[in-house]
Amino acid sequence: MTDLQLQPRAKGLTRRQRRRLSRGVQYTVFLGAVVAFAVTADWGRLKNQFAQWSIAKQMFPDVITLALKNTVLYTLSGFVFGLVLGMIVALMRLSSVGPYRWLAGIYIEIFRGLPALLIFIFVGVAVPLAFPGTEIVGGTYGKVALALGLVSAAYMAETIRAGIQAVPKGQLEAARSLGFSPARAMVSIVVPQAFRIILPPLTNELVLLFKDSSLVLFLGVTLEERELSKYGRDLASTTANSTPILVAGLCYLLVTIPLSFVVRRMETKTGEAVR
């Protein structure tokens, strides 16, 4: 190749230089947007509306001992119910019996397609109308567990199914050769390995449920049953200030940020184990 052929390439930017230039432009635009926001925002009005320390102090310790506690209990109850139901639906989806697969598929498509808000309204309104005089076990906690569980089970079922199918078929065949029945091989050999694979997405589902627990207000709760969002909104209405909303949001972050960190760590370890 002659020097004349090499000359145009020498004058242009290399691929690495283009990437650096692109990153530099992006950082500059982002920094410019941050500076513009910092300069144009009315920080005094924001502070008066969202950062009144005297109002924030009134929320403690109830925001932790009552609102956050209820939010965690609602989330855990919904997660446990959803995990059990999701496991059943996943096994039905993998069943060799046609009606089981059809029922599981219909359930997953319906409850993945409906907004969580409609599920809460259905549990709070439609169930009492359909079964007059029947009380859901656990009161509000039972209703929340049912509503959150119905929503999360559809997603967990697909996650569990994918995890089971990711386990090498040789594991099941080896268990069968040792005299395990199909059901025992699935429960004792395949499912534990599948859960090791799907632990990060299941933890991520727990984070999503923690935020969806704010829909409990559509079930009608007492003062002692309020979760973070309801507690913050009630105080914001009483004080005519949005500081309680900000404090409630920070309480959500106290749980979701550590959980997100745990998810990333598990995903990293899972990736290292696969390599």
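Looking only at distances, a side-chain donor or acceptor of Thr71 sits under 3.5 Å from a matching main-chain atom of Leu228. Listed for the Ser77 side chain is a donor-acceptor partner under 3.5 Å among the backbone atoms of Tyr74.
Under the rule for a salt bridge (charged side-chain N to carboxylate O under 4.0 Å, His left out), the partners of Asp234 that lie at least two apart in sequence or sit in another chain are Arg226, Lys230. Legend: residues meeting salt bridge (charged side-chain N to carboxylate O under 4.0 Å, His left out) with Arg233, ordered by chain and number and at least two apart, are absent. Residues satisfying the salt bridge (charged side-chain N to carboxylate O under 4.0 Å, His left out) test with Arg101, not counting sequence neighbours, are none. For the side chain to side chain donor-acceptor pair (under 3.5 Å) test, residues two or more places apart in sequence or in another chain that qualify with Ser242 are Gln49. Applying the salt bridge (charged side-chain N to carboxylate O under 4.0 Å, His left out) test to Glu173 and every residue at least two apart in sequence or in another chain returns nothing. For Leu208, the side-chain contact (heavy atoms from CB on, under 4.5 Å) criterion is met by Glu205, Lys211, not counting sequence neighbours. By the side chain to side chain donor-acceptor pair (under 3.5 Å) test, Glu158 pairs with Arg93, Arg161, sequence neighbours left out. With sequence neighbours left out, Thr243 forms a side chain to side chain donor-acceptor pair (under 3.5 Å) with Asn241.
Legend: ring-ring contact (aromatic ring centres under 6.0 Å, His included) pairs involving residues 37-64, not counting sequence neighbours, sorted by first then second residue: Phe37-Trp43. For residues 148-170, the set of pairs meeting the ring-ring contact (aromatic ring centres under 6.0 Å, His included) definition, not counting sequence neighbours, is empty. Residue pairs meeting the ring-ring contact (aromatic ring centres under 6.0 Å, His included) criterion with at least one member in residues 199-248, sequence neighbours excluded: Phe210-Tyr252.
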Counting only pairs under 3.5 Å, give me each side-chain donor-acceptor contact of residues 78-90, with atom names and distances, residues two or more places apart or in other chains.
none

